[in-house]
S.K.: 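Quick one: the structure is below, questions incoming.
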Amino acid sequence: MTTHYLVLSALLFSIGAIGVLIRRNAIVVFMCVELMLNAANLALVAFARMHGNLDGQIIAFFVMVVAAAEVVVGLAIIVTIFRTRRSASVDDVNLLKY
Amino acid sequence: MTSLLAAAPAAEIAQASGGVLGLSWLMIALPLAGAAILLVGGRRTNSFGHLLGTAMSLASFVVAVLAFFELLGRTAEQRRVGVELFDFIPAGQLDVKMGLLIDPLSISFALLITGVGSLIHIYSIGYMSHDPDRRRFFSYLNLFVAAMLLLVLADNYVGLYIGWEGVGLASYLLIGFWQFKPSAAVAAKKAFIVNRVGDFGLAIGIFTLFATFGTVAYGPIFEHADKASTGILTAVGLLLLLGACGKSAQLPLQSWLLDAMEGPTPVSALIHAATMVTAGVYLITRSNPIFDGAPTAQLAVAIVGAATLLAGAIIGCAKDDIKKALAGSTMSQIGYMMLAAGLGPAGYAIAIAHLITHGFFKAGMFLGAGSVMHAMNDDVNMRKYGGLRKVMPITFITFGLGYLAIIGFPGFAGYFTKDLIIEAAFGQEGVRGYLLGGAALLGAAITAFYMSRLMFMTFFGEKRWDKDAHPHESPPVMTWPLILLAIGSVGGGAFLVLGDRFIHFLEPVVGKPENHHGFNPVAPVGLITLVLVAAGVALAWVMYGRRPVPVEAPRGSFLTVFARRDLYGDAINESLLMRPGQWLTRFAVFFDNRGVDGLVNGLAAGVGGTSGRLRRLQTGFARSYALSMFFGAAIVAGALLLVGNL
Amino acid sequence: MPWLPILIAVPAVGALGVSLLPKGSDKLAKQLTLAVSLVVLALTIAMATQFSAGSKERFQFAQTYDWIPAFGVHFGVGVDGIALVLIALSVILVPIVVLASWHDTDASPDGHAEARPKRSTKTYFALILALEAMMIGVFAATDVFLFYVFFEAMLIPMYFMIGSYGGPQRSYAAVKFLLYSLFGGLLMLVAVIATYVFQAVPQGGEKSFLFTELIGRIQDPATQKWLFLGFFIAFAVKAPLVPFHTWLPDAAAQAPAGAAVLLVGVLDKVGTYGMLRFCLELFPDAAKFFTPLVLVLSVVGIVYGAIVAIGQTDMKRLIAYTSISHFGFIALGVFAMTSDGGAGATLYMVNHGFSTGALFLIVGMLIWRRGSQFISDYGGVQKIAPLLAGAFLIAGLSGLALPGLSSFVSEFLVLIGSYTVYPVYAIIATLGVILAAIYILWMYQRTMNGPTAESVKGMADLNIREKWVVAPLLVLIIGLGFYPKPLLDVINPAVKQTLSTVGVSDPAPKVPAAAEQKGAGQ
């Protein structure tokens, strides 16, 4: 039964990963990252259920907290970049290089 | 041989208890204190520096004389007195206790050093009176006297070594006293470095002695010298000879002495004629138990001496610089002493006797030369002298007495001591005796020639002075030392040699010579010597006395050029040592910068270059980073699946 | 009284105090640093008077506190004769260096080839004090881990002293110094950890980093060899021995004179000290196994360093190369493993600190006046500044081991101690004595003698402060040259202890004359 949850988690994760790789819009990339995080959460909860202990659920809560924090910081950065550069494309911010 | 070995160190070293002998460290301490006061005191001591320096040297002489008489008051067996001073280097096995050994040999040297040294101090008061740095000069002279006394008075090889290098330092400072002259600075450095080559030998000789005997003190080493193998003794002997060659300017380390004449003339008289350069003879005489057990080393000493006495004499014949001619003569005379010291028990006492008389007449002649230079505006070229006997009568007479002493005019000092050496050399067995004796005999003839040449060119003939030269006799402070030294040159030989006085005096140290039979004025060897000396003088008169001397030096024959260029000693050193050395140095510097450091810097550059390329991977595109992360994760996951550990 | 922790703490606190001074109080910073360093000197003298040379204890004034009990790491300090004289060397040099560096952080006067801006004074002097604390700590440490910590921590102040206060190529030199030392240090770290891991614990014992407990615990021959190499390479870089030496000329030439003194005089001694203390005692069999290699490195270093020194055109680089030659002598004495060689090597470390220290400082004064390190820019200084020239000559003569000056005693002991066991190496090493005369006297001749160069005219002689810098060093050089007994008396028992741990004894003389004489004399 839990296998379905895991398959769904894997699908969501893959969609998120592909989105991160192929999309340029920072907001979309950001949402894809969120998707990957939640896919991982789903897998954690599913495993917790499977093994009958609460560890996975606890970690899922941690992940949510981190994700929330990340949203706050990440969106702030994206908004700032958009204000200065008039663009939300991740390919336009490549100044941090060699 | 064995009986001699036993005879030499037979006299036990007694410990001094009170008396002047117990205070003999004052001999070293006084001049050392003088040097320290003058150097530390600086300009404040300018006004009395020369007086203090002279007083310290004289005080040291007084102590030496008192010690000498106290020693004379003892029986011959008790004339070896040790004075313990302090624990110098207490280490594991090596335990150097600094102490003095007052015995007939060392006290003879101490008297010579302080006596002649004090006269030269007095002379220098006048000679250096116009030099702004006179105080510094006297401090160096005092330093020299202290170091030289330590050299001869120490009761162990480390003490000797300290004195040995100490006189080297004093010599370095004094040769380069007029350091603003590049030639003086170069000569000083050369003297020090050539001496260091000799010191290298001396040091390794001391190491070998220590490794063999477990101590560096004279007493136990000499007592047990006969128990060491001949091979070791020969090695030590040859190493000590190397040291002696450096300090005494013997072949092949002779080249520094002629350059050393860049120093002020009193320095040449004191250090490079009377005392320091004879330290090699002292070393060999002092180490007589070692040399007695090593005939090969002894022969080497004699050969070096014979070769140098000829080389020095030949150089002396061609020099127009009065000091360099005398320097060649010094080399030659020390060659005589080395030859005598190499003859074993038959020669030690004679060597020292000649050393002492040489100290008198050579110091006197150097000071006389200084007096002449003083009169001639410091010109050293004898071709510009001539006819000085009338304007400088005292200098002329004292110099003349020294001259008669060195050529061995009957009755004068050199006559007794040098004849004994020639005789002893002929006394050797077989061909060796004829070769060594022949060399000594030939040397006597050449000595007569070059010394007469020097006399004729300087004091006789017509005036060849520069226009602005106004020669005059030197002040009394300079002539009195000349007179006193001349007295020594006249009477010293007879006093020491007649009645075998000195030979008996030295017996407790060097042993009794085999079949020695007093001084014989009509021995065949002595008569032949006289004839040859007369021939040398006559030849010089024909060439330089009768004919006018050209002011410009003629080109001269091959032999003259050969002698003038110091037998190509410098040329050999330059082509064999200096040029390859410079090349080696340049190569080493290049190798260090490009090779060793180049390797390191190359490594650094390699790392830098690689990372310079690698950093291009950081493109700044976030999505490419994401892609590489994705692949990385995939590879890790794949690897884990493959291993099957998950 | 916990002497050693106090000795470490006083300069450390002093460093903190100096660095916290308000801006613009340069003079106060200097005075405070000098005062602190003098207090440390006084404390050390007080401690040394309590030291008993004949004591049976391995380390005196020993204090051991647990630091990381889980790994047997202690804050363990204590000294034997060897460590004591090296601590004494450090604390004597520091006040002299402070006094000598009085103006080193000022902007360079006009007319110098290389204009330097004014730099933070209090930082520089705080660094000196921090370095002093670490130098005392590194010699006092009786715990191998603690030794390692000090060994590496010393790099930090020195890195900044070279990198921010040095000559035109300071950052190149500082980075080179740091990388070289880190390379050696990390090898040593591996060896330190492995020593802990591989020690053979006796029944009822625990694993420990304490030096006294580690002795004899590494028994496997192969392990010994690897660990020996780990330690030895670190020390050979630090000392430095050829071929790990090329960082030293750069670092010493670029560092300010005072820092160069501490670098060559004390920091580098940690390398040779480490060889004597750790390489020999912890890994005695490996030390014997590698002796031929080390002797070859030492002898090559002696001759090679001297030859390269002759060819230098820069005075500070020249002195650095002479030091490489001298470190060869020290290593030769350490690995000769005789009581004379060991005592000579230890004494050499002290004497070299004084004589090379004096040489660096005097050359520094010369360079401060003229602004050039090149020999060719000088000439005839003796006429203008006789005191400066005289001090230079004495320091130089000490560098060439002239008898009567301190370094002679140590060089003689090293050579005689190694000659009894390895005559060939000793003879080659003695060649260094001739070469030393060439490099010192040639440098002296070219800078001080001859006609006075146009560029040095008007050069001032030593002022009062400089006299106070030079005088103590010259007094020590001459005094220890004539009477080295006080130091040797302290060093000898410690060296004997070391050699008995290693299990070697001196060779007996072939004709034992001295023993017989002693018997006869009694």
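The sequence lines fix the lettering, A, B, ..., with proteins before strands; numbering per chain opens at 1.
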S.K.: Is there a donor-acceptor contact under 3.5 Å from the side chain of B/Gln93 to the main chain of C/Pro507?
M.R.: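 Yes, the answer is positive, given that a donor and an acceptor are paired below the 3.5 Å cut-off.
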S.K.: Please classify the contact of B/Leu169 with chain C as side chain, backbone, both or neither, using a heavy-atom distance under 4.5 Å.
M.R.: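 It is the side chain, since no backbone atom gets that close.
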S.K.: Chain B heavy atoms under 4.5 Å from C/Lys485: which part of the residue, side chain, backbone, both or neither?
M.R.: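 Both backbone and side chain.
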S.K.: Output yes when a side-chain donor or acceptor of C/Asn449 lies under 3.5 Å from a complementary backbone atom of B/Gln179, and no otherwise.
M.R.: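 Not confirmed, C/Asn449 side chain does not pair with B/Gln179 backbone.
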S.K.: Answer with side chain, backbone, both or neither: which region of C/Ile427 has an atom nearer than 4.5 Å to a non-hydrogen atom of chain B?
M.R.: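 Both backbone and side chain of C/Ile427 come within 4.5 Å of chain B.
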S.K.: Out of C/Ile491, C/Thr338, C/Ile416, C/Leu488, return the one with the most heavy atom pairs under 4.5 angstrom to chain B.
M.R.: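 Maximum pair count with chain B is reached by C/Ile416.
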S.K.: Which region of B/Val158, side chain (C-beta onward) or backbone (N, CA, C, O), has a non-hydrogen atom less than 4.5 Å from a non-hydrogen atom of chain C, or is it both or neither?
M.R.: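 For B/Val158, the side chain is the part near chain C, not the backbone.
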S.K.: Minimum heavy-atom separation for B/Ala203 and C/Thr430, please, with both atom names.
M.R.: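 Nearest heavy atoms, B/Ala203 then C/Thr430: CB-CG2, 4.5 Å.
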S.K.: Between B/Asn593, B/Thr208, B/Val186, who has the most heavy-atom pairs with chain C when the cutoff is under 4.5 Å?
M.R.: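 Maximum pair count with chain C is reached by B/Thr208.
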S.K.: Quick one: what part of C/Arg317 sits under 4.5 Å from any heavy atom of chain B, side chain, backbone, both or neither?
M.R.: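 The side chain, not the backbone.
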S.K.: Under 4.5 Å from any heavy atom of chain C, what part of B/Ser183 do you find: side chain, backbone, both or neither?
M.R.: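 Neither part; nothing is under 4.5 Å.
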S.K.: Between B/Phe180 and C/Pro451, is any pair of side-chain heavy atoms under 4.5 Å apart?
M.R.: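 They are not in contact (no side-chain heavy atoms under 4.5 Å apart), so the answer is no.
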S.K.: Within the 4.5 Å heavy-atom criterion, are C/Leu431 and B/Phe200 side-chain neighbours or not?
M.R.: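 Yes. Closest side-chain heavy atoms under 4.5 Å.
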S.K.: Step by step, work out the salt bridge (Lys or Arg N to Asp or Glu O under 4.0 Å) result for C/Lys176 and B/Asp597.
M.R.: CA-CA 11 Å; C/Lys176 200 171 178 182; B/Asp597 212 21; 2.6 Å; yes
S.K.: Tell me, do C/Pro484 and B/Phe88 make a side-chain contact under 4.5 Å, heavy atoms counted?
M.R.: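 Of all side-chain heavy-atom pairs linking B/Phe88 with C/Pro484, at least one is under 4.5 Å.
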S.K.: Which value, rounded to the nearest 0.5 Å, describes the distance between B/Met98 atom CE and C/Phe482 atom CZ?
M.R.: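 Result: 8.5 Å between the selected atoms.
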S.K.: Ring pair (Phe, Tyr, Trp, His ring centres under 6.0 Å) between C/Phe412 and B/Phe210: does it pass, once the steps are laid out?
M.R.: CA-CA 12 Å; C/Phe412 190 80; B/Phe210 173 73; 8.4 Å; no
S.K.: Is there side-chain contact between B/Asp87 and C/Tyr483, with at least one heavy-atom pair below 4.5 Å?
M.R.: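 With C-beta onward as the side chain, the pair stays apart.
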S.K.: Working to the nearest 0.5 Å, report the span between CG of B/Asp592 and CD1 of C/Ile324.
M.R.: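 One finds 7.0 Å between CG of B/Asp592 and CD1 of C/Ile324.
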S.K.: Would you give the length of the straight line joining atom CG of B/Leu584 to atom CD1 of C/Ile310, rounded to the nearest 0.5 angstrom?
M.R.: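 Here the rounded value is 8.5 Å.
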S.K.: Which one, B/Ile206, B/Leu39, B/Leu150, B/Thr585, leads in non-hydrogen pairs under 4.5 Å with chain C?
M.R.: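 Most pairs with chain C among the choices: B/Thr585.
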S.K.: Closer than 3.5 angstrom, by distance alone: can the side chain of C/Asn492 be matched with the main-chain N or O of B/Pro90 as a donor-acceptor pair?
M.R.: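 Such a contact is found between C/Asn492 side chain and B/Pro90 backbone.
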S.K.: In the structure I gave you, are the side-chain heavy atoms of B/Ile204 and C/Tyr419 within less than 4.5 Å of one another anywhere?
M.R.: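 In short, these two side chains touch, coming nearer than 4.5 Å.
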S.K.: Given that the side chain runs from C-beta out, which part of B/Asp199 has a heavy atom under 4.5 Å from chain C: side chain, backbone, both or neither?
M.R.: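 No part of B/Asp199 comes within 4.5 Å of chain C.
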S.K.: Can you find a pair of side-chain heavy atoms, one from C/Pro386 and one from B/Arg43, that are under 4.5 Å apart?
M.R.: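 The answer is yes, as the side chains (C-beta and beyond) meet within the 4.5 Å cut-off.
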S.K.: If you count heavy-atom pairs under 4.5 Å with chain C, which of B/Asn195, B/Val216, B/Val589 comes out on top?
M.R.: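 Winner by heavy-atom pair count: B/Val589.
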S.K.: Is it the case that B/Asn601 and C/Tyr172 place a side-chain donor and acceptor less than 3.5 Å from each other?
M.R.: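 Yes, a side-chain donor-acceptor pair sits under 3.5 Å.
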S.K.: So which residues of residues 433-443 of chain C are in contact with chain B at a heavy-atom cut-off of under 4.5 Å?
M.R.: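 From residues 433-443 of chain C, the residues near chain B are C/Val433, C/Ile434, C/Ala437, C/Ile438, C/Leu441, C/Trp442.
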S.K.: When you compare the side chain of C/Leu397 with that of B/Tyr172, does any pair of heavy atoms fall below 4.5 Å?
M.R.: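 They are not in side-chain contact.
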S.K.: So which part of B/Phe86 gets closer than 4.5 Å to some heavy atom of chain C, the side chain, the backbone, both or neither?
M.R.: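 Side chain only.
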S.K.: Which heavy atom of B/Arg196 sits nearest to which heavy atom of C/Ala401, and what is that distance?
M.R.: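 Scanning both residues, the minimum pair turns out to be NH2-O, 3.5 Å.
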S.K.: Heavy atoms, side chains only, cut-off 4.5 Å: are B/Val600 and C/Tyr180 in contact?
M.R.: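 They are in side-chain contact.
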S.K.: Taking all heavy atoms of B/Val596 and all of C/Pro243, pick out the closest pair and write down the distance.
M.R.: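 Closest approach of B/Val596 to C/Pro243: CG1-O, 3.7 Å.
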S.K.: Less than 4.5 Å to any heavy atom of chain C: does that hold for the side chain of B/Ile232, its backbone, both, or neither?
M.R.: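 For B/Ile232, the contact with chain C is made by the side chain alone.
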S.K.: Taking atom CD of B/Gln582 as the centre, does the number of heavy atoms from other residues, nucleotides or ligands within less than 6.0 Å exceed 12?
M.R.: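 Enclosed.
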